[in-house]
Amino acid sequence: MNLVQIFFEQARRLGDKTAIKVKRDGLYVDISWREWAANVEAVAGGLLSMGLQAGAKVALLSENRPEWAYADLAVLACACADAPVYPTNMAPQVEYIVKDSEAVFLFVSNAEQLEKGLAIIDNCPGLQKIFVFDEDLPKALLENDKVMTLSELMVSGRVWLKDNAERLEAIWQNIDAHDLATLIYTSGTTGDPKGVMLSHNNFSSNVVSSSKCVRVDTTDTFLSHLPLSHVFERMSGYYLPIYNGSVIAYAESIDMVSQNMSEVHPTIMISVPRLFEKIYDRIYDGAQQSSGIKKRLVFWAFGVADQLAVCKREGRNPSGWLSFQNGLAKKLVFAKLGEKLGGNLRFFISGGAPLPQKVAEFFYGTGYPIYEGYGLTETAPVMAVNYPSHIKFGTVGQVIEGVEVKIAEDGEILTKGPNVTVGYYNNQAATEEAFVDGWFCTGDVGELDSDNFLKITDRKKDLIVTAGGKNIAPQHLENLLKMDKYITEAMLYGDRKKFISALLVPDFEKVEEYALKNDILFTDIKGLLENPEIRAMLGRRIEKVHQEHDIPGYEQVKKFVVMNSEFSMDNNEVTPTLKLKRKIVTAKFQNELEALYED
């Protein structure tokens, strides 16, 4: 089946049941499957009335909201493909994708995104029209004859459908599962973004295989906050709930996730490790700041959680006494954590970057497991995932049904399967480079154990080769350093150097607390971070990580640069899913890093 058939089948089956929840005027309101389907048909009818031809491309520049889903499925229903764009992208980046994808139409969400569209439209001769979701916009923005509101498009669509409803259904019923569904552009961490061609079957096969790993059904509610323009959210937080008839609730923003969880009571949430690390830190900070019996009780419960994780790690069942303690810990401590997570949470799904094992084990022990998976844009995306009864901490899970994985001689992970892209749009050279004998080269280095669990050790291009010839995979130590309460981000450096150095982003709030507690005077954060006592403290924290985790001498950080601001998307230092753009960051701080080696 194609993705549109899957959607309309669910809409017909579930009818007036809730499909989407969205915050409007301060309250969450429900949108039924029937209403969703009717809106998709209206948008699709409008596009066809505007002359959209099968096989054309349509760009989509918007935050997560119901209209994104209307536009996506409408474009697909017209036997066309869409090219989603991150709403955080600047106009030049939007222009690149619109041009490269050869988009004829562009959907935008609001005034900010419409201004980007209008800024590029004269440079994109193939772009015929911009459709904007919001209507309460400055009049000047709507006066352009190439701009139309979504509601106007839908009115045209409903008129067109009066005589052509059967024609529309005939179009989407006849879409071949191997037809192109979308072009998802890589984040550009290693150069210009490439348009990954993904078919209906790439996604649907991945959805079916993933659904066999975790139980998802009509009783589930997903809280959607990762950008739908990213393949992880596109499949796991959008097509997966559609396939299983679950509810999708849209978070207002990343900053509002905590509040929105208490409002929509999700059962499943998909996110990236950074969010889980922040929740973990907040829980431990709260415990540290409590006192007396409460503090002892909380840390006793944490100890129980640790013991449960050890049992899981060692493949044995907990004793009766530990099970009794676990029941007590849940009742007295972890139930309160559950309430803060919305009260109904069954599990989290993590992807996009490595999840620290310490965090995974903690949440498992508390009864709110994080199932870590692994995949790429080019694999639509899931290749492996941990799931109930199939968990190995420190791995990204078992390779899922239908997907093949093997490890090349140099350690690179290779894959093939129905989820794997046929290549990059208008880029035959990159496509040929990405495949070897029919296997897709992931660019990641890893290990596959006898139970088919996959472990990622690093990115192939990120490996550091020291002057002494030692190969170092930086992510392992970086992730360990980031788990220290005084360090938020870390990037190792030292290719062809005599020793390893690092860029460190400290936790500014924790560093200030340390300074106040130790009577260290400062006037601003920059001055504080230059203070010898603070630098010495950070050095001790790094050394503690080295010792606790038996880091070999040649991998240890000998010197470091302390940043006075976080890596950010605004500075083009991280991708929208918070992956570090190493090449860009290294170039930006090259002088500071090289200065560490002058002596």
Side-chain angles (χ1 to χ4, degrees), residues 255 257-263 265 269 273-313 318-348 355-370 393 480-488 506-522 528 533-534 536-538 540-545 547-549:
D255 296 328
V257 165
S258 180
Q259 179 180 317
N260 294 158
M261 288 187 83
S262 66
E263 294 170 310
H265 314 294
M269 195 172 89
R274 192 70 196 119
L275 178 75
F276 303 126
E277 290 168 20
K278 286 183 177 179
I279 295 173
Y280 174 88
D281 289 343
R282 201 155 50 234
I283 291 169
Y284 261 86
D285 283 348
Q288 288 283 8
Q289 290 169 17
S290 58
S291 58
I293 295 176
K294 181 180 178 182
K295 185 172 184 177
R296 290 197 295 273
L297 177 64
V298 171
F299 277 96
W300 165 78
F302 289 173
V304 171
D306 286 342
Q307 291 177 63
L308 286 169
V310 169
C311 288
K312 187 65 180 177
R313 191 168 65 232
S319 65
W321 173 239
L322 182 57
S323 295
F324 171 77
Q325 288 182 297
N326 180 39
L328 201 58
K330 282 184 176 179
K331 185 176 181 180
L332 298 176
V333 177
F334 298 140
K336 293 176 183 177
L337 170 60
E339 289 171 11
K340 291 180 180 178
L341 297 174
N344 292 330
L345 192 82
R346 294 203 293 123
F347 58 82
F348 294 106
L355 177 70
Q357 185 171 333
K358 185 177 179 181
V359 174
E361 291 183 353
F362 172 80
F363 277 92
Y364 174 84
T366 64
Y368 304 100
I370 303 171
F393 299 121
L480 293 175
L481 290 170
K482 287 192 292 184
M483 288 307 298
D484 185 272
K485 68 177 182 177
Y486 290 105
I487 300 171
T488 298
D507 186 312
F508 303 114
E509 190 175 319
K510 293 283 194 309
V511 170
E512 285 188 14
E513 289 175 4
Y514 177 88
L516 293 171
K517 191 178 292 185
N518 290 275
D519 298 321
I520 299 172
L521 300 177
F522 63 97
L528 177 60
E533 291 184 64
I534 296 297
M537 180 273 288
L538 290 173
R540 290 193 297 273
R541 303 300 297 191
I542 293 171
E543 188 57 35
K544 184 169 180 274
V545 171
Q547 292 176 1
E548 288 182 349
H549 298 278

**Complete:** Minimal heavy-atom distance between Cys311 and Pro318, with the atoms involved, is SG-CA, 3.9 Å
**Item:** Electrostatic pair Lys510-Asp285, nearest N-O below 4.0 angstrom
**Value:** yes
**Request:** Evaluate side chain to side chain contact (heavy atoms under 4.5 Å, CB included) for Leu328 paired with Gln325, printing each intermediate quantity in order.
**Result:** CA-CA 5 Å; Leu328 201 58; Gln325 288 182 297; 5.6 Å; no
**Item:** Flag side-chain contact, heavy atom, 4.5 Å: Lys482 against Val545
**Value:** no
**Fill in**
Note: Leu528 and Ile534 closest approach over all heavy atoms is O-CG1, 3.4 Å
**Request:** Compare all side-chain heavy atoms of Lys312 with those of Glu361 and state whether any distance is below 4.5 angstrom.
**Result:** no
**Prompt:** Is it true that Tyr284 and Tyr280 have ring centroids separated by less than 6.0 Å?
**Reply:** yes
**Message:** Measuring from atom OG of Ser258 to atom NZ of Lys278, what distance do you get when rounded to the nearest 0.5 angstrom?
**Reply:** 12.0 Å
**Request:** Measure the spacing between CD of Glu277 and NZ of Lys358 and express it to the nearest 0.5 Å.
**Result:** 11.0 Å
**Item:** Where Leu337 and Tyr368 come nearest, the two heavy atoms and their spacing
**Value:** CD2-CD1, 4.0 Å
**Asked** So, does Asn518 use its side chain to make a donor-acceptor pair with the main chain of Ile520 at under 3.5 Å?
**Response** no
**Asked** What are the two closest heavy atoms between Ala305 and Phe334, and how far apart are they?
**Response** CB-CZ, 4.0 Å
**Request:** Under the salt bridge (charged side-chain N to carboxylate O under 4.0 Å, His left out) rule, collect the residues that match up with Glu509, sequence neighbours excluded.
**Result:** none
**Asked** Once you round to the nearest 0.5 Å, how far does CG of Leu521 lie from CG of Leu516?
**Response** 9.5 Å
**Message:** Nearest 0.5 Å, please: how far is CG in Asp507 from CD in Glu513?
**Reply:** 8.0 Å
**Message:** How long is the straight-line distance from CE of Met261 back to CE of Met269, given to the nearest 0.5 Å?
**Reply:** 4.5 Å
**Request:** Taking all non-hydrogen atoms of both residues into account, name the closest pair between Gln288 and Lys295 and its distance.
**Result:** O-NZ, 3.3 Å
**Prompt:** Can you tell if the side chain of Ile283 reaches within under 4.5 Å of the side chain of Phe362, non-hydrogen atoms only?
**Reply:** yes
**Message:** Rounded at 0.5 Å granularity, tell me how far CZ in Phe348 sits from CG in Leu341.
**Reply:** 4.5 Å
**With Lys544 via salt bridge (charged side-chain N to carboxylate O under 4.0 Å, His left out) - residues at least two apart** = Glu548
**Asked** Which heavy atom of Tyr364 sits nearest a heavy atom of Leu308, and at what distance?
**Response** CE2-O, 3.9 Å
**Request:** Step by step, work out the salt bridge (charged side-chain N to carboxylate O under 4.0 Å, His left out) result for Glu543 and Arg540.
**Result:** CA-CA 5 Å; Glu543 188 57 35; Arg540 290 193 297 273; over 6 Å; no
**Request:** Quick one: list whatever passes side-chain hydrogen bond (donor to acceptor under 3.5 Å, both in side chains) with Asn326, sequence neighbours left out.
**Result:** none
